[in-house]
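Notes follow once the structure below has been shown.
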2 protein chains.
Amino acid sequence: MKANLEDIAKAAGVSKMTVSRVLRGGTGFSDDTRDRVVKVAERLGYVPNKLAAAFGSYQASTLVGMCVPRLTSGLFAHVLDGVDRALSRLGYQLMIGANNHSTAEEEAWVRQIASWRPAGLILSGRNHSTATVDLLRQVAVPVVEIWDLTTSPIDMSVGFSHYDCGVEMGQFLLRRGRRRAGYVGALARADVMGQARLEGFQAVLAQAGAPLVDREVLLDMPGFYAGYYGLETLLARTPDLDVVYFHNDDMAVGGLAYAQAKGIRVPEDLGIAGWGGMEAASILPKRLTTTVVPTTAIGKAAAEALVARLKGEAGQEVTVVPTRLVPGETG
Amino acid sequence: MKANLEDIAKAAGVSKMTVSRVLRGGTGFSDDTRDRVVKVAERLGYVPNKLAAAFGSYQASTLVGMCVPRLTSGLFAHVLDGVDRALSRLGYQLMIGANNHSTAEEEAWVRQIASWRPAGLILSGRNHSTATVDLLRQVAVPVVEIWDLTTSPIDMSVGFSHYDCGVEMGQFLLRRGRRRAGYVGALARADVMGQARLEGFQAVLAQAGAPLVDREVLLDMPGFYAGYYGLETLLARTPDLDVVYFHNDDMAVGGLAYAQAKGIRVPEDLGIAGWGGMEAASILPKRLTTTVVPTTAIGKAAAEALVARLKGEAGQEVTVVPTRLVPGETG
DNA sequence: TTAGGCTACGTTACCGGTAAACCTGACGCA
DNA sequence: TGCGTCAGGTTTACCGGTAACGTAGCCTAA
């Protein structure tokens, strides 16, 4: 990289500081000087050095770190997209990482990112190691916890209540007359959020006098096949269920495929409900009963909360982005 | 952030430079000194400052920039994952961006990233604005172009030939006796890679004396609905096609849904072929005829090529990661 | 007429690391 | 005894910006 502020300054016959002011769009120079500087900068192909800028003054970092459970998750891909669109428009750069549902990996990531002195961080989930929390306190930048809402965030929180999702789905299925519910889940690693949905679901069923009859939780990735075989196992053990709530839509679709393969009529013989709002679920002949999560909106809201805080505005401490239960034709 | 090297140095009774060497795992200090320094660093909760490190010496940057067409693309999510796994294991950090299939947005992104003095860059596609190419030359770091193979990369290239994908699918469908082929595509923005597949497809059909009969290209996102309505439009105009090649699997699945809705038997009345290897296609009752792209492998290979170059090794200039035609039951 | 304020700059000091050169005492060896 | 070598350090000089402060020249109002 050849040209720096000094080079431009010399070529334009001004001081380095004036060049800096011009290129950052400040004030305190004449139109004539500005034109000269800009022209020289362009001629020399000047590429600013944010490393130096961010290093020299703690205000100037435009780096935002974001950590998601998995980069291949369709839901989080949309959250990421929402964040990126909002941030890149404002001149921020996004540094990403995946924690694979592990607080230890998250801690390692935060440690790495912290050494870049980011302007702010976005984490997913409310569960962090104590070392992570200490570290976050030490870097002392705005932090947004997304996805799972927490009423006592480290700093800010954007999301919804997984527990309430379970409650809402439970209530809905009860209203549809279901009395013998099962659950099929999976945990490749401890996915506490799915657990919260199950708890909400169970609580409302128990309260209505129709408690959860059986559940099958596989130690596998929560995908199509886990749903398929999970339902198979569950029904082999407890055949007389009238509805099954799945960890997510991918698994619910797998369950649906199993039902179809075995001639089980949905929703007549068995109701099936998912969670998440998988795009591809639209390819099914029947609309899946599920809870749609406004992923992009969460990303956007998180980015906006962060930026508000960076601009010195108060910044909403807790932002609720409501999910939407879609009745569908399978529940 | 409180503690820096100086603070540790004072507390441990050594010089800053010795602390730097200890913490980076260098040589030139006694075991006793190392233990003392490490202990003090831990006690003070030292968080290294990569900004200063990368700024002070051009070797030390561990930042890698990666630009994909869209962050919500399932295929690219896996590429991203492959890159991230390979890089984070080696201590690199990933900065991402989306170009929305626009070379202008890519240029803006490269301009931003360049100012962070990254160790290397990963771009998708072979199509870049001349300003981008100039800029890349100026930052003078390893660059990997992924996805669409190019024989004359800016620096390195990892991917496969989209043209050959089209050729292979054309040959396959000809072997299955198809003689009247159509094509349904979409371009929200100019997706030149889909275009390359179409060209390969057309070329091999024409050569076999069974040229492409009709095509429908929608100005829309290449998703389920575009496939559904694209096929409807195409068949309304040219009903007697015996096979349709779709821009990608999402669209093919939409086409399949249309066929099912209209009672068109697949593959008897109409063959359907996609491209990409969409995970969710596995939920279909029939396996989709498609070309599976080894997304994670591409990401991994790109990261490895980059790291090899960063370590001073030669680094493969062009790495071919072969795609795989899956016959399926719809073609 | 002069204090005060404004514009349009220039100067200086620093951010926290790292490379490279330099130092020093102990030891081996001719 | 003198000299080279090596381990185990220290010193110095940057990297390229930005904040804070300084200042010359000009205008204005009391």
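Letters A, B, ... are given to chains in the order of the sequence lines, protein chains preceding strands, and every chain is numbered from 1.
- Of the two residues contacting DNA chain D, namely B/Gly56 and B/Arg36, the nearest-nucleotide position lying further toward the 5' end is that of B/Arg36.
- Comparing the start and finish of the helix from C/dT1-D/dA30 to C/dA30-D/dT1, five pairs each, the helix axis swings through 50°, to the nearest 10 degrees.
- Within the 4.0 angstrom heavy-atom criterion, base atoms lie near B/Phe55.
- Relative ring orientation between A/Phe76 and A/Trp147 is described as tilted, the plane-to-plane angle lying within the 30° to 60° band.
- At least one side-chain heavy atom of A/Arg36 sits under 4.5 Å from a side-chain heavy atom of A/Val14.
- Under the 4.0 Å criterion applied to side-chain N and carboxylate O atoms, A/Arg309 and A/Glu313 are not assigned as salt-bridge partners.
- For B/Met17, counting side-chain heavy atoms from C-beta on, the closest listed nucleotide (C/dA20, C/dG16, D/dG17) is C/dA20.
- Between A/Ser15 and C/dT11 there is no side-chain polar atom (N or O) within less than 4.0 angstrom of OP1 or OP2.
- A side-chain donor-acceptor contact under 3.5 Å links B/Glu107 and B/Ser129.
- Residue contacts shown for A/Lys16 include a base, since a base heavy atom lies under 4.0 Å away.
- Ranked by how close their nearest DNA chain D nucleotide is to the 5' end, B/Val14 and A/Glu6 are led by B/Val14.
- Between the CH2 atom of A/Trp116 and the C1' atom of C/dG17 there is a distance of 12 Å, given to the nearest Å.
- Atoms CG (A/Leu23) and P (D/dT18) sit 9 Å apart, rounded to a whole Å.
- Classification of B/Lys10 and B/Asp7 as a salt-bridged pair fails, no side-chain N sitting under 4.0 Å from a carboxylate O.
- Considering only the side chain of B/Arg21, D/dG9 comes nearest among D/dG9, D/dA19, C/dG16.
- OP1 or OP2 of C/dG16 sits under 4.0 Å from a side-chain N or O of B/Asn4.
- A donor and an acceptor atom, one from each side chain of A/Thr62 and A/Gln93, are located under 3.5 Å apart.
- Proximity of B/Ser30 to the phosphate of D/dG9: a side-chain N or O atom is located under 4.0 Å from OP1 or OP2.
- OP1 or OP2 of C/dT18 has not a single side-chain nitrogen or oxygen of B/Ser57 nearer than 4.0 Å.
- At a threshold of 4.0 Å, the pair B/Asp35-B/Lys39 does not count as salt-bridged, since none of the basic side-chain nitrogens sits closer than that to a carboxylate oxygen.
- Among the atoms of the strands shown, none is found under 4.0 Å from any heavy atom of B/Thr27.
- Looking at heavy-atom distances under 4.0 Å, A/Thr18 makes contact with sugar-phosphate atoms alone, never a base.
- Not one side-chain nitrogen or oxygen of B/Tyr46 sits closer than 4.0 Å to the OP1 or OP2 atom of C/dG16.
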